[in-house]
Every structure is written in C-alpha cells, then in structure tokens.
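Atom set for the values below is all heavy atoms of this structure, side chains included, hydrogens, waters and symmetry mates excluded.
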Amino acid sequence: MLDFAIFAVTFLLALVGAVLYLYPASRQAAGIPGITPTEEKDGNLPDIVNSGSLHEFLVNLHERYGPVVSFWFGGRLVVSLGTVDVLKQHINPNKTLDPFETMLKSLLRYQSGGGSVSESHLRKKLYENGVTNSLKSNFALLLKLSEELLDKWLSYPESQHVPLSQHMLGFAMKSVTQMVMGSTFEDDQEVVCFQKNHGTVWSEIGKGFLDGSLDKNTTRKKQYEDALMQLESILRNIIKERKGRNLSQHVFIDSLVQGNLNDQQILEDSMIFSLASCIITAKLCTWAICFLTTSEEVQKKLYEEIDQVFGNGPITPEKIEQLRYCRHVLCETVRTAKLTPVSARLQDIEGKIDHFIIPRETLVLYALGVVLQDPNTWPSPHRFDPDRFDDELVMKTFSSLGFSGTQECPELRFAYMVTTVLLSVLLKRLHLLSVEGQVIETKYELVTSSREEAWITVSKRY
C-alpha cells in the first residue's frame with residue numbers, strides 16, 4: 001500500500017534534491033486549491049498512505065477541488081492536473097524527455113541524458129529507431145515465442161485454471177530480453193536470472209528512501225544493490241560484445257551502441273528500457289486478456305478481424321498493421337486499466353494553467369488515472385468499449401496524453417506490437433474465458449497490476 005506513495009516522494013526528492021537547499025519552502029500554494037500539510041516534515045504523505053496509493057489520493061483530491069489542485073511532499077509544493085483541458089495547456093509536444101523515463105532515471109539515481117535540445121532529439125531518434133528495428137528484425141522470434149505459449153495452453157484441459165499474470169510475465173521476460181539484448185537470453189536460465197534480479201530492483205524502486213527504511217534494512221539494501229549491480233554487469237557485457245560487430249540479429253541495444261552515446265548513457269538507457277518494457281508488456285498483455293474474457297462481444301469482434309486479416313495464412317508484419325480494431329482494444333485496455341496512472345514533469349520556468357500561476361521548480365503531476373476516467377471526456381468511463389476509438393477526436397485526445405501517436409513512450413509502443421502478435425496467435429485457436437466468481441482487485445503503482453493472481457481458462461476453437 002505504501003509503495004506508490006513512497007515512490008512519489010522519492011521521485012520528488014531525486015528530481016529536485018538540489019533545489020531543496022536553494023529555495024526556501026513556502027506554505028503558500030500560489031492560490032491553487034488543495035490541502036495544507038498534515039505534518040510539517042512529511043507534508044501530505046500520511047494522507048497519501050491512508051488513501052492506499054498516490055492515484056487514489058489524487059482521485060479524491062480532484063473530486064474535492066477540481067482540475068488543478070495542490071498538496072505537499074515534505075516542504076515542497078506539488079501541483080496535479082486532472083483533466084484533458086488543463087493537461088493540454090501544460091504538455092509541450094517539443095519536449096523530448098519521456099516523463100516515465102524521467103521518473104525511472106530519478107529513482108535509479110541515474111544522471112546522464114540531460115544534455116542540449118539537439119542531444120535530446122538525437123537520443124529520442126535512437127530510441128525510435130531501436131524500437132522499429134528490433135521489432136522488424138525479431139518478428140519471427142516474437143511469433144515463435146507466442147506460438148510456444150499457445151502450444152502450452154492448447155495442452156491444458158478446458159477446466160484447468162491458467163495463472164495469467166505469471167504466464168504473461170514469463171512471456172514478456174523472454175520476448176523483451178531477446179529483442180532488447182540478444183541471443184544470450186535464448187538460454188532459459190539466463191532469463192530466469194534476469195527475471196529474479198529485475199523483480200528485486202523493480203519491487204524496491206520508490207520504496208524506503210524517504211524514511212530511510214531501505215538504508216536501515218541492510219539485508220534488503222544489499223539484495224537491491226546486488227541485483228542492480230548484476231543487471232548492470234549483464235548489460236555492460238552485452239554492450240561490449242555487440243560493439244563493432246555486424247550481427248545478423250538487430251536488437252534494441254544495437255541502435256544505442258551505433259549512436260553517438262558514451263557507455264554510461266548506453267547502459268542507463270538500455271537499463272531503463274529493459275526494466276520498463278518487461279513490466280509494461282506483461283501488464284498490457286494481462287489486462288487485455290482479462291478484459292477480453294469478460295467482454296464476449298469484444299472478443300468475438302476481435303477474433304473476426306484476426307480471421308478476416310490472416311485467414312489461414314501466416315501472421316506477417318504487413319498484415320499486423322491492418323488490425324485496426326485490435327489497436328482500439330489495446331488503447332481501451334490502457335485507458336480502462338489506467339496502465340500508467342501518474343506521470344510528472346518539473347516546472348522549469350514559471351507557467352500558467354487556467355488562471356493559476358505555477359511557480360518555477362514545482363513538481364507537476366499528470367494525474368493520468370484521473371483523466372482517463374473523466375466522464376466529461378470518456379462517456380461511460382468504467383465500461384470497456386474499444387468502439388469509442390472509432391471517433392478520430394477520441395483517438396487524438398488519447399494521443400495527446402502520450403498513449404499513442406508521436407508522443408507515446410517507446411516502451412508502450414514496443415508493448416503494443418508484442419501484445420498484438422500474442423493476441424493474434426492466441427485468438428486464432430482459443431476462446432479466452434473468465435473464471436466464474438473471480439473479482440480482480442487493482443494495485444496502483446508505477447504500472448497498474450492486479451493485486452492477486454488473475455486466473456482464466458481456455459477452450460479450443462478447433
């Protein structure tokens with residue numbers, strides 16, 4: 001329950017640590033509606049903890065005070081934006097740093113990547129090329145891994161409960177490690193080792209830094225540091241191995257190696273992409289299948305599109321691009337699940353939202369989980385309805401939030417393709433069914449997941 005709350009404070013402290021000593025804290029929130037600090041030292045941290053997560057805290061705050069609200073992390077003012085209209089006033093499409101990447105780098109205390117505007121554009125281009133080339137070069141691999149999972153599910157009796165979250169995490173780990181870092185991870189033992197270290201690092205990101213609990217728990221701290229060191233060692237070896245070599249399999253890390261980046265930048269960028277892609281891909285696959293099991297009409301319509309596009313022929317990259325309804329299903333999955341509920345930027349210059357002045361050095365949160373459930377933007381917001389994206393204006397709004405189009409984060413773009421291929425393979429042969437009586441509770445962290453294992457059953461179409 002504390003994880004995301006602690007993450008939020010950690011992000012603030014990591015992002016503006018130097019600022020804390022340069023600018024005296026003020027209790028005046030620039031006239032922005034919101035709440036005063038509950039405690040002098042921690043600000044509104046107790047309120048966030050009591051709400052269950054930062055997302056749930058922001059839902060309550062925006063319901064009480066409107067689209068622009070303020071609260072306190074320690075002695076620092078934080079402003080949260082909770083509607084599409086106010087977000088559009090703040091989002092700068094020319095900004096090249098992805099907010100999700102910014103958060104992860106801050107939490108890992110990575111330093112590279114500030115640079116000039118031209119350097120930032122170069123790195124963004126390298127990321128885009130890396131995703132494009134790795135997906136293109138490894139499409140056959142992705143198809144093979146999807147078919148392996150299909151064969152596993154086909155072997156099950158129809159009454160058997162399938163641990164969906166577990167299988168999707170395993171599938172994502174296999175896919176991402178091989179497509180991002182290469183053939184080293186054809187060995188299942190290497191994947192298992194990576195997954196173990198990844199899990200340790202991910203579970204500790206954003207925990208225990210504010211109250212010093214990680215520092216006080218020497219066992220936990222050593223496990224975290226050892227896991228991060230092992231992941232970095234793996235990446236350094238791969239970077240060294242792939243430098244200056246013309247390898248037939250192009251993976252994501254090759255695009256960074258071939259760019260004008262130093263070794264530390266390559267290490268940090270590949271670490272961020274690997275960490276985030278594994279989790280975002282796993283959770284997108286999980287939520288998409290969950291929603292399909294409870295939405296028979298949507299699953300039927302998606303199967304019909306897959307059957308129409310592929311027929312009895314092979315699944316190819318060219319035909320994948322024709323799956324328009326599938327893309328709508330995935331967009332609606334991101335929206336309904338609130339896949340990444342909070343994003344953030346530091347206000348680098350004084351700005352204005354509506355008639356409110358946002359002081360320089362203010363942390364501005366994008367309450368995306370609030371925005372994605374706003375009934376003024378999304379009619380019947382709690383209903384899973386991919387058809388809403390038939391409206392070009394709806395898709396344009398969704399894209400403006402960074403979930404599609406030119407502003408989408410590279411990890412999500414990667415996840416869209418992996419999930420599309422997996423769903424195409426599975427639905428051609430299987431009905432995906434819910435387990436009667438199962439209630440899936442949501443856990444809001446950096447990436448939204450189910451609180452407990454999500455179970456499904458499958459039956460053969462033929």
Side-chain angles (χ1 to χ4, degrees), residues 8 11 15 29-34 54-55 57-59 61-71 77-103 117 120-121 124 128 327-328 330-381 385 388-413 416 448:
F11 173 53
L15 199 59
I32 299 169
L54 178 59
H55 164 69
F57 169 75
L58 293 176
V59 169
L61 201 62
H62 283 287
E63 283 179 353
R64 289 171 60 190
Y65 295 105
V68 184
V69 299
S70 64
F71 62 99
L77 172 66
V78 181
V79 173
S80 178
L81 308 180
T83 66
V84 169
D85 288 342
V86 295
L87 274 175
K88 284 181 177 178
Q89 294 178 50
H90 193 264
I91 292 173
N92 182 353
N94 295 316
K95 288 275 188 182
T96 56
L97 289 180
D98 170 54
F100 196 83
E101 174 194 342
T102 303
M103 288 193 291
V117 173
S120 296
H121 278 287
K124 182 182 179 183
E128 291 172 350
R327 182 55 181 250
H328 291 177
L330 297 184
C331 289
E332 182 67 345
T333 296
V334 169
R335 190 199 67 80
T336 308
K338 303 174 285 291
L339 192 67
T340 53
V342 180
S343 187
R345 288 197 187 279
L346 190 64
Q347 187 75 27
D348 47 7
I349 59 173
E350 183 178 282
K352 189 174 182 180
I353 302 292
D354 281 353
H355 56 281
F356 301 115
I357 301 298
I358 310 296
R360 180 174 174 265
E361 307 294 354
T362 300
L363 181 66
V364 179
L365 296 185
Y366 295 174
L368 298 172
V370 176
V371 174
L372 292 172
Q373 298 289 294
D374 183 357
N376 294 316
T377 303
W378 320 94
S380 303
D385 179 18
R388 71 174 79 241
F389 286 96
D390 286 337
D391 187 333
E392 288 186 11
L393 289 177
V394 171
M395 183 59 85
K396 186 176 180 181
T397 296
F398 192 69
S399 298
S400 72
L401 301 175
F403 293 117
S404 188
T406 58
Q407 294 301 308
E408 72 187 13
C409 80
E411 294 86 358
L412 183 57
R413 181 181 160 211
Y416 278 142
T448 301

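Residues satisfying the side-chain contact (heavy atoms from CB on, under 4.5 Å) criterion with Thr83, sequence neighbours excluded, are Pro67, Asp85, Val86, Asp374. Residues passing the side-chain contact (heavy atoms from CB on, under 4.5 Å) test with Asp390, sequence neighbours excluded: Arg324, His328, Asp387. A search for side-chain contact (heavy atoms from CB on, under 4.5 Å) contacts involving Val371 returns Val84, Leu87, Leu401, not counting sequence neighbours. By the side-chain contact (heavy atoms from CB on, under 4.5 Å) test, Ala367 is found to be paired with Leu58, His62, Ser80, Val370, residues two or more places apart in sequence or in another chain being considered. Residues meeting the side-chain hydrogen bond (donor to acceptor under 3.5 Å, both in side chains) test with Arg413, sequence neighbours left out: Thr132.
To the nearest 0.5 Å, atoms CZ (Phe398) and CG (Asp391) are separated by 14.0 Å. Interatomic distance, CZ of Phe356 versus CG of Leu81, reported as 11.0 Å (0.5 Å rounding). Distance check, rounded to the nearest 0.5 Å: CD1 of Ile353 to CD of Gln347 gives 7.0 Å. Annotation: the span from Leu339 atom CG to Phe403 atom CZ amounts to 7.5 Å, rounded to 0.5 Å. The CG atom of Leu363 sits 11.0 Å away from atom CD1 of Ile358, with the distance rounded to the nearest 0.5 Å. Here NE2 of His90 is found 10.5 Å from CG of Leu365. Values are rounded to the nearest 0.5 Å.
The minimum heavy-atom distance between Arg388 and Pro379, with the atom names listed, is NH1-O, 2.9 Å. Closest non-hydrogen pair, Ile357 versus Ile32, comes out as O-CD1, 3.8 Å. Shortest non-hydrogen contact noted between Thr397 and Lys88 is OG1-NZ, 4.4 Å.
Sorted by first and then second residue, the salt bridge (Lys or Arg N to Asp or Glu O under 4.0 Å) pairs with a member in residues 334-343 read Glu332-Arg335; sequence neighbours excluded.
Counting heavy atoms from C-beta outward, Ile349 and Arg360 have side chains that stay 4.5 Å or more apart. In this structure, the side chains of Asp385 and Ser380 stay at 4.5 Å or more apart for every pair of heavy atoms.
Although no hydrogens or angles enter the test, the distance criterion places a donor-acceptor pair under 3.5 Å between the side chain of Gln89 and the main chain of Asp354.
Judged by the 6.0 Å and 45° rule, Arg327 forms a cation-pi pair with Tyr416.
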